[in-house]
Amino acid sequence: MGFRCGIIGLPNVGKSTIFNALTAAGAEVANYPFCTIDPNVGIVPVADERLENIARIIHPPKVTHTNMTFLDIAGLVKGASRGEGLGNKFLGHIREVDALVHIVRCFESPDVVHVTGAIDPVRDIETVNTELILADLETLGKRIEKTEKLSKTGNKTVRKHLEIYLAIQDALNNGIAVRRLPFTEEVLDALRDLHLLTAKKVLYVANTNETSMKGDGGYVEKVKTAAENDESRTIVICGDLEAEMLELDPEDRAVFLEDLGLKESGLKTLIREGYDLLGLITYYTVVGAELRAWTIPKGTRAPEAAGVIHSDMERGFIRAEVLHYDTFIKAGSLSAAKEKGLLRSEGKDYVIADGEIVTFRFNV
């Protein structure tokens with residue numbers, strides 16, 4: 001299971017620059033709106049220190065990282081929900097992703113025009129969020145019209161769904177994103193096939209210059225405040241610096257980050273925050289010659305985790321042999337851990353924990 005993330009924002013806020021820096025996929029970067037006509041897709045291996053440490057101990061012939069998929073979606077503008085600036089096409093692309101990374105421009109540059117002529121992070125955030133709300137209202141309006149007709153049959157489930165739709169419509173009309181509303185299983189069931197844009201979790205990225213990288217710039221603080229009001233998080237990235245780092249050797253990148261007073265690159269920060277945002281964890285398998293990392297949601301039971309690898313493994317699940325990464329490191333090897341009786345045998349109700357090395361036993 002991968003993590004699909006849509007990169008959104010107004011035109012000329014640095015979306016494609018950051019996408020290029022994160023994925024090295026070579027998306028076009030130009031100083032005019034709508035240079036991204038189709039969503040660029042970049043699949044990025046997730047840097048994983050635990051995976052690398054395991055590999056150093058067991059020396060597998062093949063090591064496979066889990067990955068994140070980034071979609072660079074062309075800039076939204078005011079009126080996008082009504083089709084302005086190719087908006088409907090790109091709003092459709094957003095529906096395909098698990099979460100949104102909202103790039104907000106926090107830098108001045110005479111060489112890069114702002115679509116409205118002046119830098120104002122709060123206004124820019126409101127513009128994009130309003131278009132997402134308007135798009136959701138259109139989607140919901142069509143569903144309400146259909147459900148009102150069906151409710152005349154007296155079906156209790158349909159009537160309850162209608163109540164939910166009307167309540168959400170009221171919230172959207174008051175500028176409240178769906179992700180901020182309380183969710184019950186009944187609500188989730190009613191919304192499951194609507195793919196509402198404002199139901200997706202958002203990570204705000206303040207795209208800034210080098211002088212404000214530590215988050216002490218006025219524009220950055222405005223983004224952080226707006227994100228808090230939206231019950232979301234903010235990270236600070238300098239797209240130009242991330243692009244510079246791509247040109248460096250790994251050793252030089254470490255020195256580059258140290259000189260800037262940073263502990264990690266924007267990519268690592270984005271992945272870490274993205275995992276936490278979506279409640280994802282990583283587990284590991286060693287099968288034959290391959291050591292591999294897998295991504296699953298927190299709370300996933302062992303059979304479903306096996307199903308991420310192959311549906312036959314879930315269907316024929318017998319048990320999971322589990323060893324946590326920390327225990328493995330202390331033991332020094334897989335064989336030593338086995339000899340010491342550190343492997344646990346878990347059944348169908350076991351919930352896989354982050355960092356576990358798992359062997360699935362199954363029969364089909």
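All values reported here derive from a predicted model rather than from experimental measurement.
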R179 vs K200 side-chain heavy atoms within contact, under 4.5 Å: no
Non-hydrogen atoms of F19 and I7 that approach each other most closely: CD1-CD1, 3.9 Å
Any side-chain heavy-atom pair of V158 and L162 under 4.5 Å: no
Cluster check I318, V322: I/L/V/M/F/W/Y, side chain < 4.5 angstrom: no
Heavy-atom check, side chain of L132 versus side chain of I8, under 4.5 Å: yes
Heavy-atom closest pair, residues P60 and L291: CG-CB, 3.7 Å
Beyond-backbone contact of M68 with I43, side-chain heavy atoms, under 4.5 angstrom: no
Gap separating the CG atom of L150 from the OG1 atom of T157, nearest 0.5 angstrom: 12.0 Å
Under 3.5 Å donor-acceptor, S232 side chain and D230 backbone: yes
Least distance between heavy atoms, A206 atom then V220 atom: CB-CG2, 4.2 Å
ring-ring contact (aromatic ring centres under 6.0 Å, His included) partners for F360, two or more places apart: Y283
Short N-O contact, K146 and E148, less than 4.0 angstrom: no
Salt bridge flag under 4.0 Å for residues E273 and R233: yes
Trace of the side-chain contact (heavy atoms from CB on, under 4.5 Å) decision for L71 with R4: CA-CA 7 Å; L71 280 75; R4 293 174 59 84; 3.8 Å; yes
Flag, side chain of E346 to backbone of A320, donor-acceptor distance under 3.5 Å: no
Heavy-atom closest contact (K348 atom, P303 atom, distance): O-CD, 3.2 Å
same_hphob_cluster(L51, Y275) at 4.5 Å side-chain heavy-atom cutoff: no
Side-chain heavy atoms of K222 within contact of I119, under 4.5 Å: no
Cluster check L166, I133: I/L/V/M/F/W/Y, side chain < 4.5 angstrom: yes
Stepwise salt bridge (Lys or Arg N to Asp or Glu O under 4.0 Å) test for R361 and E321: CA-CA 8 Å; R361 302 300 179 186; E321 295 174 359; 3.2 Å; yes
I281 with Y325, same ILVMFWY side-chain cluster at under 4.5 Å: no
Ion pair K224/E228, N-O distance below 4.0 Å: no
L100 side chain reached by K201 side chain, heavy atoms, under 4.5 Å: no
T327 side-chain N/O to L323 backbone N/O, donor-acceptor pair under 3.5 Å: no
Distance in Å, C106 SG paired with N207 CG, rounded so as to fall on 0.5 Å steps: 7.5 Å
Exercise: do Y350 and R344 side chains pair donor with acceptor under 3.5 Å: yes
Side-chain touch T208/Y219, heavy atoms, less than 4.5 angstrom: no
Face-on cation placement of R315 at F317 ring, 6.0 Å and 45° thresholds: no
R301 CZ to I296 CD1 distance, which is reported to the nearest 0.5 Å: 12.0 Å
Any donor-acceptor pair under 3.5 Å from H310 side chain to G307 backbone: no
Criterion side-chain contact (heavy atoms from CB on, under 4.5 Å) on H324 and L342, from CA distance to verdict: CA-CA 9 Å; H324 195 274; L342 298 175; over 6 Å; no
Exercise: identify the closest heavy-atom pair between I164 and E186: CD1-O, 3.8 Å
same_hphob_cluster(I57, L343) at 4.5 Å side-chain heavy-atom cutoff: yes
Distance-only side-chain donor-acceptor flag, T64 / E290, under 3.5 Å: yes
Stepwise side-chain contact (heavy atoms from CB on, under 4.5 Å) check, V205 with H102: CA-CA 6 Å; V205 174; H102 186 164; over 6 Å; no
Side-chain heavy-atom pair F328, E356 within 4.5 angstrom cut-off: no
Point-to-point distance, once rounded to the nearest 0.5 Å, from CG of D136 to CG of L194: 8.5 Å
Side-chain H-bond candidate by donor/acceptor type, N53 with R50, under 3.5 Å: no
Side-chain donor or acceptor of N40 paired with backbone N/O of D72 under 3.5 Å: no
Spacing of CG belonging to L140 relative to CD1 belonging to I144, to within rounding of 0.5 Å: 4.0 Å
Ion pair check, D120 and R105, cut-off under 4.0 Å: no
Steps toward salt bridge (Lys or Arg N to Asp or Glu O under 4.0 Å) verdict (E163, R159): CA-CA 6 Å; E163 289 179 20; R159 286 186 174 180; over 6 Å; no
Closest non-hydrogen atom pair, V63 against A55: CG2-CB, 3.9 Å
Steps toward side-chain contact (heavy atoms from CB on, under 4.5 Å) verdict (V358, W294): CA-CA 10 Å; V358 185; W294 303 87; over 6 Å; no
Given L270, V41, I18, the one that forms side-chain contact (heavy atoms from CB on, under 4.5 Å) with F70: L270
Nearest-0.5 Å distance, NZ of residue K268 to CZ of residue R272: 10.5 Å
Worked check of side chain to side chain donor-acceptor pair (under 3.5 Å) between Y165 and E145: CA-CA 10 Å; Y165 298 147; E145 183 179 352; over 6 Å; no
Charged N-O contact under 4.0 Å between E126 and R123: no
